[in-house]
Amino acid sequence: MSATSDSPQEGGKEDSNKQRQSNLQRIQQRKQSVREWPQDKKMEKLAIYSSCKADESCKCNGWKNPNPPPNPPRPDAPTPTSTPADPCRTCSHPLSSHVSHLTTVGEDELDRLLGIVVDVENLFMCVHKEEDSDTKQVYFYLFKLLRRCILQLSKPSVEGPLGNPPYEKPSIAKGVTNFVLFKFNHLPPKEWQMMYDLAKMFLHCLNHWKLETPTARKQQMSTEEISAYKVNYTRWLCYCHVPAFCDSLPHYDTTLIFGRSLLKSVFQTMRKQLLDKFRAEKDKMPPEKRTLVLTHFPRFLSLLEEEIYSNVSPIWDPEFKQNPPAHVSAGAGAMGEVAVTGGKKRPGDALEEDSEDVKRRKYEDENLEEAVAEIVGVIEDQNKALGPQAMFPEHAPRDEAAKIEERNKVIEFHCIANSLTDRVPKQTMLWLIALQNVFSHQLPRMPKEYITRLVFDPKHKTLALVKDGRPIGGICFRMFPSQGFSEIVFCAVTSNEQVKGYGTHLMNHLKDYHIRNGVMHFLTFADEFAVGYFKKQGFSKDLKLPKGVYGGYIKDYEGATLMGCELNPKIVYVEFTAVVRRQKEILKKLVERKQEQIRQVHPGLSCFRDGVREIAVESIPGILETGWEPPPQDKFRYKSTRNSDEKADQEHLYNVLKTILTACRNHQSSWPFLNPVDRKAVPDYYEHIKFPMDMKTMAERLKANYYVNKRLFIADMKRMFTNCKEYNAPETEYYNSANYLDKFFTNKLRDHGLIEKV
């Protein structure tokens with residue numbers, strides 16, 4: 001990877017960056033000047049890259065001047081150096097024969113072709129200057145591609161094993177956007193905006209970064225890694241790097257078409273070189289920019305690095321959804337992805353263009369949304385009509401009463417802690433003392449000195465449940481942000497306030513608090529009385545964290561069970577039970593509506609009384625409304641039989657059966673079955689065997705498309721073996737050959753998935 005990327009800073013650009021920018025400007029200026037040429041000069045230029053059209057036998061693929069001037073004018077000179085009648089040095093046909101197909105082409109198309117010509121000439125120089133063999137090979141491929149586009153008057157399209165962008169979902173831009181939402185949503189507006197700006201800066205750098213060649217990275221990667229990197233490097237050259245200066249090719253931003261795999265392979269090197277570059281340029285930066293890139297940017301990159309290389313990071317989940325913070329305006333709130341293209345319309349914007357399936361799904365989703373919205377309105381109207389009875393619906397969740405009390409300001413939740421450096425408010429100290437008393441009374445097995453030490457330890461925090469101004473319960477915990485988990489040490493609610501859902505609501509608040517702070521795991525040692533409570537809160541003895549993460553950080557308790565809980569950042573836990581209950585109600589209503597539509601009684605079929613022998617299945621009233629669909633139509637007319645499911649793909653079935661039959665014919669025991677039994681050699685055979693079969697007959701049937709399903713094919717083969725065993729004695733060669741070939745045939749059927757494996 002090169003440290004010559006375009007930096008987002010306004011000052012301090014290196015000479016190489018200035019040179020790169022000036023080269024791009026020079027290319028655009030050259031294209032503009034070429035487009036302003038007179039018609040005859042344009043034709044002369046395009047003739048050099050156009051095949052001869054004089055006759056079909058001429059293989060000349062470009063006009064060459066027979067008498068090049070001794071002092072040729074500058075390439076940009078608008079005056080032509082030849083006439084349409086000048087012959088080609090290669091094929092002797094005039095220049096006009098090379099451009100005869102362009103005489104009816106419009107001005108815009110000529111300008112497009114001339115733009116490709118400029119790109120071809122630039123790529124030709126790149127091929128000769130480039131020293132790396134992998135890069136040179138890609139340059140040469142793109143050079144030939146553009147040459148072919150001029151010859152064929154087509155638009156350039158990179159084809160082959162590289163595939164089409166995007167290559168991974170979510171993209172780097174989407175992942176970094178998710179990272180900002182996931183890690184920094186709890187920050188105040190000013191700090192959140194700073195992190196958002198840092199994300200834009202990082203994506204901008206990556207979009208303009210020049211990747212190292214695979215040869216340069218061979219020492220740092222394994223063979224498997226370098227192979228994957230080489231593929232991504234080639235894709236980057238074809239779709240990102242070269243199109244930046246050859247705009248005839250479709251251009252995509254690196255961060256929009258690549259995902260986590262490329263980012264993992266380049267992040268370490270890019271981070272080091274970026275920070276080194278910023279440190280070298282710090283004296284040229286304004287003070288606020290210097291603070292941003294030297295103080296906040298390294299921390300941003302460190303946090304991003306954890307998510308890039310973590311196996312459990314949620315930001316790379318394609319289903320990740322998290323709303324922007326409330327302070328983000330409606331325009332910025334619909335972020336989608338951190339903006340990186342500067343508002344320019346690029347081909348990458350069309351990556352998600354609607355196909356017919358997508359349009360159909362969108363239509364269905366819109367109908368579903370309308371139905372759900374209508375059902376929600378009905379449910380809410382019913383709740384209003386029920387009045388107080390709707391406050392506690394049937395099968396209400398445990399924390400329903402606690403949530404209502406919180407909305408009515410009867411109870412409050414506060415996260416409090418002691419401190420040795422800052423002044424602790426008197427109210428906080430009184431609450432900590434009250435919580436120490438609650439824990440001591442409710443956890444009599446715990447030594448009071450131990451409870452006191454942990455409750456007042458500055459490293460521990462307590463989520464306090466306050467009612468009427470005094471704590472009635474709480475959860476004491478210690479966070480280990482670097483390890484990604486918290487240890488719950490005490491959890492209790494005073495005895496006269498229990499069985500009111502306070503414990504569940506308290507734990508839900510604690511979960512939401514940890515998600516806001518980026519900690520996704522709980523660990524606790526539960527005694528035999530607490531195991532049931534923690535199970536109800538989503539804890540399990542099956543830990544998701546490896547022991548190496550928490551080993552040495554938490555203390556083992558004799559006689560207690562270690563339990564863990566993994567949090568889902570997509571869930572707002574204090575609303576979880578209400579959301580699930582509402583979802584159940586909506587689903588129930590949707591099912592009822594669907595049943596009303598399906599439960600229709602149609603009149604019986606009377607057409608058979610009139611002599612009709614058969615009708616199409618889809619013509620039966622109501623059959624299509626149930627969701628039934630006819631199978632794909634092929635060369636055979638569809639019939640509703642028990643084998644209809646096996647007729648879906650005749651071509652695939654034909655190839656599989658042909659493979660199996662060929663393998664059986666080549667088997668060493670197939671010799672008795674290759675041809676029909678000779679009547680002269682075995683006169684009485686057909687008196688005993690009424691339905692003879694052999695592999696020659698089967699090959700003919702296969703060719704005639706007789707085997708429309710696997711059962712017919714298997715039946716013929718099995719009949720052949722049965723006939724052999726029926727006519728021949730068990731000790732004969734024929735009988736043994738039938739057994740050997742039958743076993744081989746059965747194995748082949750299993751290998752191709754035509755029968756289940758034992």
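Numbers here simply count residues along the sequence, with the first being 1.
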Worked verdict on N568 versus Y573 for side chain to side chain contact (heavy atoms under 4.5 Å, CB included) = CA-CA 9 Å; N568 188 327; Y573 282 91; 3.7 Å; yes
Got a donor-acceptor contact below 3.5 angstrom from the [X] side chain to the [Y] backbone?
X	Y	result
W316	S310	no
S222	E225	yes
S440	Q436	yes
E412	V466	no
T291	P287	yes
K183	L304	no
D527	A560	no
R260	I308	yes
E168	S261	yes
H460	F456	no

In the structure I gave you, are the side-chain heavy atoms of [X] and [Y] within less than 4.5 Å of one another anywhere?
X	Y	value
V176	L206	no
F320	K174	no
K535	V531	yes
L523	L543	yes
T269	R217	yes
H204	N207	no
F184	L303	yes
N232	L211	no

How long is the span from the [atom1] atom in [X] to the [atom2] atom in [Y], to the nearest 0.5 Å?
X	Y	atom1	atom2	answer
N408	K403	CG	NZ	13.0 Å
I475	L506	CD1	CG	4.0 Å
F480	F485	CZ	CZ	5.0 Å
L454	T462	CG	OG1	9.5 Å
K190	M194	NZ	CE	9.0 Å
K461	N418	NZ	CG	13.0 Å

Among all residues two or more places apart in sequence or in another chain, which pass the side-chain contact (heavy atoms from CB on, under 4.5 Å) test with E566?
->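 Listed in chain order: H521, K544.
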Side chain to side chain contact (heavy atoms under 4.5 Å, CB included) partner of F525, chosen from I554, I488, T561 = I554
Inspect the contact between [Y] and [X] and indicate whether a charged nitrogen and a carboxylate oxygen are less than 4.0 angstrom apart.
X	Y	result
E585	R582	yes
E319	K570	no
R478	D457	no
R445	E558	no

Passes salt bridge (Lys or Arg N to Asp or Glu O under 4.0 Å), R581 versus E400? Steps please.
-> CA-CA 11 Å; R581 188 177 72 249; E400 190 70 32; 3.2 Å; yes
Residue pairs fulfilling ring pair (Phe, Tyr, Trp, His ring centres under 6.0 Å) with at least one residue in residues 413-447, sequence neighbours excluded |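 Found F413-H505, F413-H509, H414-W431, F439-F490.
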Cut-off 3.5 Å, side chains only: do E305 and Q268 have a donor facing an acceptor?
-> yes
Return yes if a side-chain donor-acceptor contact under 3.5 Å exists between E405 and Y502, otherwise no.
->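 Present: a donor and an acceptor within the cut-off.
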Classify the angle between the aromatic ring planes of F300 and F202 as parallel (below 30°), tilted (30 to 60°) or perpendicular (above 60°).
->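 Plane angle between 30° and 60°, so tilted.
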Atom [atom1] of [X] with >12 non-hydrogen neighbours under 6.0 angstrom:
X	atom1	value
Y553	OH	no
K264	NZ	yes
F576	CZ	no
E224	CD	no

Between L256 and A173 the two heavy atoms that sit nearest each other are CD2-CB, 3.9 Å
Looking only at heavy atoms, which two atoms of I226 and T223 are closest? And how far apart?
->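 That would be CG2-O, 3.1 Å.
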Take Q537 and C565 through the side chain to side chain contact (heavy atoms under 4.5 Å, CB included) test and state the conclusion after the steps.
-> CA-CA 8 Å; Q537 308 310 317; C565 177; over 6 Å; no
Stepwise, does the side chain to side chain contact (heavy atoms under 4.5 Å, CB included) test hold for Y229 with Q220?
-> CA-CA 11 Å; Y229 179 78; Q220 309 166 25; over 6 Å; no
Do F297 and L292 pass the side chain to side chain contact (heavy atoms under 4.5 Å, CB included) test, and can you show the C-alpha distance, the side-chain angles, and the key distance before you say yes or no?
-> CA-CA 6 Å; F297 196 45; L292 185 69; 5.9 Å; no
